[in-house]
Amino acid sequence: MRETVTVTGASGYIALHVIALLLDEGYEVRGTLRDMARVEPLRAALARHTEVSNLSFVAADLTSDAGWDAAMTDCQYVMHVASPVPIVEPKNHEELIAPARDGTLRVLAAASRAGVRRVVMTSSNAAINSGHGGKSSFTEADWSILGDGTGAYASSKTIAERAAWDFVAGLPVDHGMELVAINPCVVLGPLIDPDGSASIELIRKLVAREVPGCPNLGFTIVDVRDVAAAHLAAMTSPQAAGNRYLCTTEFRWVAEIAQALNQTVGQRGYRVSTRRLPDWLLRCVALFDPAVRRMAPRLGERQEFDNSAIRRDLNWQPRKVEDSIVDTAESLIELGVV
Ligand code: NAP
């Protein structure tokens, strides 16, 4: 009999790739959605990539108990991907922390009641690298240090992941439900549905020429297809149980991202500005633009993340960063987003 995997937040950018891969691998997939009006558009979007006859949906919201037991019935694995990912952080951090933390606890409680074997949780590098001052290289042993300056998103991911580990540690010894956390950095790569994540906003803005140039900022990147592959390996690999895995490849400055775009989609009329924007300009814009304000403290900052554990334990072999950058832009163009 086919094994069943419940994927939370089935409308999301990463979740859709996880679902496509699970269906390709022959699993029965049950996706949770908070808006069931999205079922048919999502099914149609996935059908362009894979066979969807083993896919079903259940209504469930991270902020409510309703639906979670039905979502977990007779399932062996859970991919807990859902969590709010805002483009602009809310002033009230609880708007992100409550659904992330309480939703995770709802998912884990329902999973343990249903006798689920293993939960793979999509955490983030934001649960690892925030609040460390000048520290610039990180491993899975690091945890974000929450304080007054921590953003709402980093707080939500740190608190939710800690709550998950505490929940599993509190289960009876013979209970047997395992947890694995996958901690990606900035996720890029093709979209399955045009409603993409906040993480592809930079590429969208560059290709749509909504930014006048390149700020002195950079990101450590990972491809959404490789993040999905990491989730699948984390679900089945015996040695993954009880571990968190940084899921990341290499760092690129925005100017390097713009260059990669110009060498490819730029040749077909989507030229991106490679002009360097001075730091003082960004700091001025940050005074009135909350999305820029979030980035201003990271001007010139370069952080490195160790991915040796995921490569070793999960035999994870990510693709080249430039492919992820270019494939994001190609996909945005193909789907008519830009
Ligand atoms: P996304 O496309 O915005 O997906 C977020 C998903 O969470 C959506 O399905 C959304 O549902 C769901 N969600 C939000 N609030 C919810 C609630 N109250 N109840 C139920 N579902 C809710 O973002 P993504 O990039 O795929 O992110 C997926 C996961 O990866 C998140 O846990 C995120 O923290 C993590 N992550 C992302 C990145 C990145 O760079 N993209 C990096 C590290 C970690 P709706 O469609 O109904 O809003």
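Read the numbers this way: they start at 1 and go in the same order the structure lists the ligands and their atoms.
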Q: Which is closest to atom 7 (O) of ligand 1 in terms of heavy atoms, G9, A10, S83, A98?
A: S83

Q: With a cutoff of 4.0 Å, is R38 in contact with ligand 1, counting heavy atoms of the residue only?
A: yes

Q: With a cut-off of 3.5 Å and sequence neighbours excluded, list every side-chain donor-acceptor pair involving residues 227-236.
A:
{"from": "H231", "atom 1": "ND1", "to": "V227", "atom 2": "O", "distance (Å)": "2.8"}
{"from": "H231", "atom 1": "NE2", "to": "T122", "atom 2": "OG1", "distance (Å)": "2.8"}
{"from": "T236", "atom 1": "OG1", "to": "L232", "atom 2": "O", "distance (Å)": "3.2"}

Q: Does even one non-hydrogen atom of V81 get within less than 4.0 Å of ligand 1?
A: yes

Q: Does R244 count as lying over the ring of W165, i.e. NZ or CZ under 6.0 Å from the six-ring centre, within 45 degrees of the axis?
A: no

Q: For ligand 1, does A126 get within less than 4.0 Å through its side chain, its backbone, both, or neither, judged by non-hydrogen atoms?
A: neither

Q: Quick check on R293: does its CZ atom have over 12 non-hydrogen neighbours (other residues, nucleotides or ligands) under 6.0 Å away?
A: yes

Q: Pick, from V227, V85, L96, L188, the option with the minimum heavy-atom distance to atom 3 (O) of ligand 1.
A: V85

Q: Look at ligand 1 and say whether P84 reaches it with a heavy atom at a distance under 4.0 Å.
A: yes

Q: Can you see which heavy atom on V222 is nearest to which on P184, and at what distance?
A: CG1-CB, 4.0 Å

Q: Do you see a donor-acceptor pair shorter than 3.5 Å between the side chains of N183 and S124?
A: no

Q: Which one of G12, A160, G189, S197 has a non-hydrogen atom at the shortest distance from atom 24 (P) of ligand 1?
A: S197

Q: Please compare Y13, F219, Y153 and report which has the shortest non-hydrogen distance to atom 34 (O) of ligand 1.
A: Y153

Q: Tell me whether L62 has any N or O atom under 3.5 angstrom from an N or O of ligand 1.
A: yes

Q: Within less than 4.0 angstrom of ligand 1, does A100 place any heavy atom?
A: no

Q: Is any N or O atom of K157, backbone or side chain, closer than 3.5 Å to an N or O atom of ligand 1?
A: yes

Q: Quick one: do the E161 and S123 side chains pair a donor with an acceptor below 3.5 Å?
A: yes

Q: Which ligand 1 atoms are under 4.0 Å away from a heavy-atom of V186?
A: 40 (O)

Q: Do any heavy atoms of C185 fall under 4.0 Å from ligand 1?
A: yes

Q: Y153 and H93: aromatic ring centres closer than 6.0 Å?
A: no

Q: Which atom pair, heavy atoms only, marks the closest approach of L42 to F57?
A: CB-CZ, 4.5 Å

Q: Give every residue pair that meets the salt bridge (Lys or Arg N to Asp or Glu O under 4.0 Å) criterion with at least one member in residues 127-145, sequence neighbours excluded.
A: K135-D142

